[in-house]
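Remarks on the structure that follows.
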Amino acid sequence: MKNVKVLIGNYGSGKSELALNFAIRAAARGDRTELLDLDMVNTYFRLTERGKLVEQKEIRLVSPNFACSGIETLSLPAEVSSAFVLDWDSVIFDVGGDDVGATALGRYHQDFVSLEPGALEVLNVVNIRRPLASTPEKIHHLQDAMQLHSRLTITGMINNTNLSTMTSADDLWDGYLVLREVADRTGIPVAYTTGKKEFLDDFLARNPDPAYVGTPVPIDVYMHRDWDSYIQHGLNTTDPRKEIY
């Protein structure tokens, strides 16, 4: 059965990194894999920049028209439909942050609901070190907005709490505590906990409740960031959606 993962979440949550990791893991086990970059908002960090790596892993990448061209107005290519009509084993969607980016999914609502039962995972990637996702109340608000605009029901959350190069196991633990409260309030389970292997191992050694951990997934860092250029890019834009945190 085809497995379709849709990764949504707040800006800076790490959706693109996780999408790439999930796709590479799927391809490594022999799955016919397609990776779709549906981020229509953030034109700076995107999966298209890792096109050569994806190609080497025998993963098909679909990106917005004009991605990485310097053009700010992007559009969805017709190839998005291939996720539903072609015979893939694994399909991963990387969707732009919060409700604005989630709107891009709405046009494919009928395709998603036509998938076999159990084939679709809609995963909210949460990094509580981002101000808009720092409390249970904020996460709950974001989830409601993303579900409304995407016309999809979130099936699980991913604890991907990190502080980039300053990350420690404490960050994953703090994310665990917050998402435990969100899960109890909303009934949406924690499906995965993700992070670099050394931090994930340290986190798991603290014996968290497995019900709020989900599947632990160690990740590699592929989306290397030139933070100086990114910050300068943010300072040169008046678009509030690209605020640097």
Side-chain angles (χ1 to χ4, degrees), residues 5-22 38-39 41-42 45 47 92-105 120-150 152-197 199-200 202-204 206 208-219 221 223 225 241 243-245:
K5 288 182 172 65
V6 176
L7 303 187
I8 59 178
N10 184 224
Y11 301 105
S13 61
K15 295 184 301 297
S16 296
E17 191 74 81
L18 290 187
L20 192 50
N21 271 267
F22 278 127
L38 260 61
D39 191 340
V41 179
N42 189 345
F45 290 154
L47 289 169
I92 298 95
F93 286 85
D94 173 23
V95 183
D98 61 45
D99 53 333
V100 177
T103 302
L105 291 174
L120 177 64
E121 296 178 88
V122 181
L123 301 166
N124 179 22
V125 181
V126 181
N127 180 357
I128 70 160
R129 298 306 188 217
R130 296 295 177 261
L132 293 181
S134 58
T135 66
E137 293 76 17
K138 290 179 179 180
I139 295 168
H140 193 177
H141 174 75
L142 279 172
Q143 289 189 153
D144 284 347
M146 288 186 290
Q147 289 183 118
L148 175 65
H149 286 79
S150 70
L152 294 174
T153 300
I154 295 172
T155 62
M157 296 180 289
I158 299 179
N159 177 11
N160 190 50
T161 302
N162 68 87
L163 274 171
S164 186
T165 58
M166 296 185 290
T167 303
S168 71
D170 290 338
D171 297 302
L172 277 178
W173 186 264
D174 290 346
Y176 158 78
L177 295 176
V178 171
L179 289 190
R180 183 173 64 181
E181 185 172 344
V182 176
D184 287 342
R185 288 188 186 185
T186 65
I188 299 173
V190 178
Y192 301 92
T193 297
T194 55
K196 287 185 176 181
K197 186 178 186 306
F199 304 135
L200 192 59
D202 286 349
F203 164 75
L204 294 172
R206 302 184 188 188
D209 186 339
Y212 301 100
V213 174
T215 301
V217 178
I219 63 170
V221 177
M223 303 294 289
R225 291 162 167 80
R241 295 172 300 182
E243 183 176 356
I244 308 303
Y245 299 119

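All residue numbers in this chain count up from 1 along the given sequence.
- Taking the side chain as every heavy atom from C-beta outward, Asn162 and Asp171 never approach each other to under 4.5 Å.
- Residues satisfying the side chain to side chain contact (heavy atoms under 4.5 Å, CB included) test with His140, not counting sequence neighbours, are Asp144, Thr186.
- You'll find the side chain of Glu17 reaches within 4.5 Å of the side chain of Val221, heavy atoms only.
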For this session: Show your working on side-chain contact (heavy atoms from CB on, under 4.5 Å) between Asn127 and Asn10 and close with a plain yes or no.
Result: CA-CA 8 Å; Asn127 180 357; Asn10 184 224; over 6 Å; no
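- Gln143 has its side chain within reach of Val182: a pair of non-hydrogen atoms, C-beta onward, lies under 4.5 Å apart.
- Tyr212 and Asn159 are not linked by any side-chain donor-acceptor pair at a separation below 3.5 angstrom, with hydrogens and angles left out of the test.
- Leu105 is listed as a side-chain neighbour of Leu152, based on a closest heavy-atom distance under 4.5 Å.
- Closest heavy-atom contact between Leu120 and Thr155: O-CG2, 4.2 Å.
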Extract all donor-acceptor atom pairs below 3.5 Å that involve side chains of residues 187-196 and protein atoms in other chains or at least two apart in sequence.
unit_1: Tyr192; atom_1: OH; unit_2: Glu121; atom_2: OE1; d: 2.9
unit_1: Tyr192; atom_1: OH; unit_2: Glu121; atom_2: OE2; d: 3.4
unit_1: Thr193; atom_1: OG1; unit_2: Val213; atom_2: O; d: 2.8
unit_1: Thr194; atom_1: OG1; unit_2: Asn160; atom_2: OD1; d: 2.8

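- Distance CE/Met157 to CD1/Ile139: 7.5 Å, rounded to 0.5 Å.
- Between Leu172 and the options Leu204, Leu200, Ile128, a side-chain contact (heavy atoms from CB on, under 4.5 Å) holds for only Leu200.
- Summarising the geometry, atom OG belonging to Ser168 is positioned 8.0 Å from atom CG belonging to Leu163; distances are rounded to the nearest 0.5 Å.
- The minimum heavy-atom distance between Lys138 and Pro131, with the atom names listed, is NZ-O, 3.0 Å.
- Residues Ala169 and Arg206 share a closest heavy-atom pair of CB-NH2, 3.9 Å.
- When the ring pair (Phe, Tyr, Trp, His ring centres under 6.0 Å) test is applied to Tyr176, the partners found at least two apart in sequence or on another chain are Trp173, Phe203.
- Every residue two or more places apart in sequence or in another chain that forms a salt bridge (Lys or Arg N to Asp or Glu O under 4.0 Å) with Arg185 is listed here: Glu137, Glu181.
- We find the CD-CD1 distance between Gln147 and Ile154 to be 4.0 Å, quoted to the nearest 0.5 Å.
- Closest of all the heavy-atom pairs between Asp94 and Ser16 is OD2-OG, 2.6 Å.
- Separating the CD1 atom in Ile92 from the CG atom in Leu7 is a distance of 8.0 Å, to the nearest 0.5 Å.
- With values rounded to the nearest 0.5 angstrom, Arg130 atom CZ is found 13.5 Å from Leu142 atom CG.
- Partners of Asp174 by salt bridge (Lys or Arg N to Asp or Glu O under 4.0 Å), not counting sequence neighbours, listed by chain and number: Arg129.
- Applying the salt bridge (Lys or Arg N to Asp or Glu O under 4.0 Å) test to Asp202 and every residue at least two apart in sequence or in another chain returns nothing.
- Interatomic distance, CG of Leu123 versus CG of Leu18, reported as 9.5 Å (0.5 Å rounding).
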